[in-house]
J.: 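Submitted below is the structure of interest, expressed as structure tokens.
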Amino acid sequence: MTVKKQGRRSAKDAEETQIQIMAVAAELFCTSGYERVSLRNISEKAGVSHSLIRHHFGSKEKIWHAISDCLHNYFQSYISKVIQELPKDVTPNISIYLFTMHLFSNMIHFRRPIQLLSDSVRQEDNLVDYFISNGGSLEDEIGKLADQYNDTNPDNIVNINEIKWQMIMYANGATCLTPFMESTWNENENENETVTTPEEALMKHWQMFNSQMISQFGVEEEWKLNPISLEELIYDVPCKWKYNPEHNES
């Protein structure tokens, strides 16, 4: 019995070490770029040996793959939660609108995933291809909502891939072009005007996308979202790899 407990403890320790390594690596990939980060950089910041990282992952690319797998699992859980919380007996245009905005709110609040994907596009190791190829059931759930909408709106068919692309573009703008986003609402400031805070700029950015989706899906007034903060629209879904949800990340 003692041996079993020790075995479980050892496995738990190993898992915690792997999660720690992934969290540190993700932070370094976001702040420095995948290409500039070495296993030694990761080992020094994580406080573990270089050989231990190689034992758990083998290579830097495998660490990125593990992070990518973790993100897929998280987003699958998050999407399932959003769908579960959608109001019942509403028209398909309301369902797909609420789904889109809840998911988009998460994307611009928790910025690490978009930062990682943006960086992966610039790499030569097929990192982004690995992420895209793991769509699976994520694509199925989103596709079902789009099919329901299109079946009831044959004169206003939406291409769900275009909707997803709009989400990615807006999320990338808020995440990777933050100074430009913030200056957009401060460029006409003068001594008598209040400077827009980063949080206010992010909400204005959110409202731009919200207005676009309201028009796209023909959303009635009673269903239009108008939150004071993004947190109102974000569900608490556990993430094995706990990335840092800070708005002021670089």
Side-chain angles (χ1 to χ4, degrees), residues 26-36 64 67-68 71-72 74-75 78-79 82 96-123 127-132 135 138-139 142 145-146 158-189 193-217 219 224-235 239 243-250:
E27 180 181 352
L28 290 172
F29 293 158
C30 288
T31 56
S32 301
Y34 176 86
E35 191 64 34
R36 297 181 185 178
W64 198 96
I67 293 170
S68 176
L71 287 178
H72 271 289
Y74 170 74
F75 276 116
Y78 195 84
I79 283 174
V82 172
I96 195 169
Y97 163 69
L98 294 177
F99 171 85
T100 300
M101 294 312 302
H102 277 285
L103 183 56
F104 176 70
S105 299
N106 180 285
M107 291 170 69
I108 65 173
H109 182 69
F110 299 112
R111 300 187 174 189
R112 288 295 191 228
I114 290 295
Q115 288 176 322
L116 285 166
L117 292 178
S118 296
D119 177 67
S120 70
V121 172
R122 299 191 293 268
Q123 309 308 323
L127 300 181
V128 73
D129 291 341
Y130 180 87
F131 185 88
I132 291 174
L138 279 172
E139 305 294 328
I142 298 171
L145 289 174
V158 299
N159 183 327
I160 195 59
N161 289 322
E162 291 181 0
I163 299 297
K164 288 190 294 182
W165 175 236
Q166 290 176 65
M167 291 174 67
I168 291 171
M169 285 194 299
Y170 269 83
N172 185 70
T175 300
C176 301
L177 299 172
T178 305
F180 292 100
M181 178 186 71
E182 294 175 1
S183 68
T184 297
W185 286 280
N186 282 321
E187 62 180 7
N188 295 321
E189 68 183 69
E193 292 180 339
T194 302
V195 175
T196 302
T197 67
E199 291 76 15
E200 290 170 340
L202 187 63
M203 284 307 302
K204 289 178 182 293
H205 182 79
W206 183 92
Q207 287 290 1
M208 288 180 66
F209 184 73
N210 185 44
S211 296
Q212 192 166 320
M213 292 301 102
I214 287 171
S215 175
Q216 177 78 60
F217 297 121
V219 177
K224 294 178 182 178
L225 297 172
N226 188 31
I228 296 175
S229 68
L230 291 178
E231 285 83 352
E232 295 178 34
L233 301 178
I234 296 172
Y235 297 113
C239 179
Y243 47 85
N244 186 20
E246 292 297 329
H247 290 325
N248 59 356
E249 294 166 349
S250 58

J.: Answer whether the closest heavy-atom distance between the side chains of Pro198 and Thr178 falls below 4.5 Å.
T.: no

J.: For the CD atom of Gln212 and the CD atom of Gln207, what is their distance to the nearest 0.5 Å?
T.: 13.0 Å

J.: Go through it in stages, so that I can follow the logic: the residues are Met213 and Gln166, the test is side chain to side chain contact (heavy atoms under 4.5 Å, CB included), and I'd like the CA-CA distance, side-chain angles, deciding distance and then a yes or no.
T.: CA-CA 10 Å; Met213 292 301 102; Gln166 290 176 65; 3.4 Å; yes

J.: Quick check: does any side chain N or O of Asn210 sit under 3.5 Å from a backbone N or O of Leu225, one acting as donor and the other as acceptor?
T.: yes

J.: Would you say the side chain of Ser120 lies within less than 4.5 Å of the side chain of Phe29, judging by non-hydrogen atoms?
T.: no

J.: Backbone N or O of Val82 within a donor-acceptor pair of the His102 side chain at under 3.5 Å?
T.: no

J.: Quick one: pull up CD1 in Ile79 and CD1 in Ile142 and give me the separation to the nearest 0.5 Å.
T.: 4.5 Å

J.: Hey, mind stepping through Leu145 and Ile160 against side chain to side chain contact (heavy atoms under 4.5 Å, CB included) and telling me if it holds?
T.: CA-CA 9 Å; Leu145 289 174; Ile160 195 59; over 6 Å; no

J.: With rounding to the nearest 0.5 Å, note down the distance linking NE2 in His205 to CG in Leu177.
T.: 9.0 Å

J.: Tell me whether Thr31 contacts the main-chain N or O of Glu27 through its side chain, where contact means a donor paired with an acceptor under 3.5 Å.
T.: yes

J.: Do you know the tightest heavy-atom contact between Ile114 and Asn172?
T.: CG2-CA, 3.8 Å

J.: How far apart are the C-alpha atoms of Tyr74 and Asn106, what are their side-chain angles, what is the distance that settles it, and do they pass the side chain to side chain contact (heavy atoms under 4.5 Å, CB included) test?
T.: CA-CA 11 Å; Tyr74 170 74; Asn106 180 285; 3.0 Å; yes

J.: What heavy-atom pair brings Ala174 and Arg111 nearest, and what distance separates the two atoms?
T.: O-NH1, 3.3 Å

J.: Let's go through Phe217 and Ile163 carefully: what are the C-alpha distance in whole Å and the side-chain angles of both, what is the deciding distance for side chain to side chain contact (heavy atoms under 4.5 Å, CB included) to 0.1 Å, and is it a yes or a no?
T.: CA-CA 11 Å; Phe217 297 121; Ile163 299 297; 4.0 Å; yes

J.: Using every non-hydrogen atom in the two residues, find where Tyr170 and Met208 come nearest and quote the distance to one decimal.
T.: CE2-CB, 4.1 Å

J.: Shortest non-hydrogen contact from Cys176 to Gln115?
T.: SG-CA, 4.5 Å

J.: Does Ile108 reach the side chain of Phe209, with side-chain heavy atoms less than 4.5 Å apart?
T.: no

J.: Please report the interatomic distance CD1(Ile214) to OG1(Thr100), rounded to the nearest 0.5 Å.
T.: 12.0 Å

J.: Keeping Glu200 on the side-chain end and Thr197 on the backbone end, is there a donor-acceptor pair under 3.5 Å?
T.: yes

J.: For Ile234 and Ser105, work out which heavy atoms get closest and say how close.
T.: CD1-O, 3.8 Å

J.: I'd like to know if the side chain of Asp119 reaches the main chain of Tyr34, judged simply by a donor and an acceptor atom lying under 3.5 Å from each other, with no hydrogens or angles considered.
T.: yes

J.: Can you tell me how far the CD1 atom of Ile168 sits from the CZ atom of Phe104, to the nearest 0.5 Å?
T.: 11.5 Å

J.: I need the minimum non-hydrogen distance between Leu233 and Pro227, along with the two atoms involved.
T.: CD1-CG, 3.8 Å

J.: Closer than 3.5 angstrom, by distance alone: can the side chain of Ser215 be matched with the main-chain N or O of Ser211 as a donor-acceptor pair?
T.: no

J.: Would a distance-only check, ignoring hydrogens and angles, find a side-chain to backbone donor-acceptor pair under 3.5 Å from Tyr78 to Tyr235?
T.: yes

J.: Roughly how far, to the nearest 0.5 Å, is the CZ atom of Arg112 from the CD1 atom of Ile67?
T.: 10.5 Å

J.: So, the side chain of Glu182 versus the backbone of Pro179: is there a donor-acceptor pair under 3.5 Å, distance only?
T.: no

J.: Side chains of Tyr97 and Gln216: does their closest heavy-atom pair fall under 4.5 Å?
T.: no

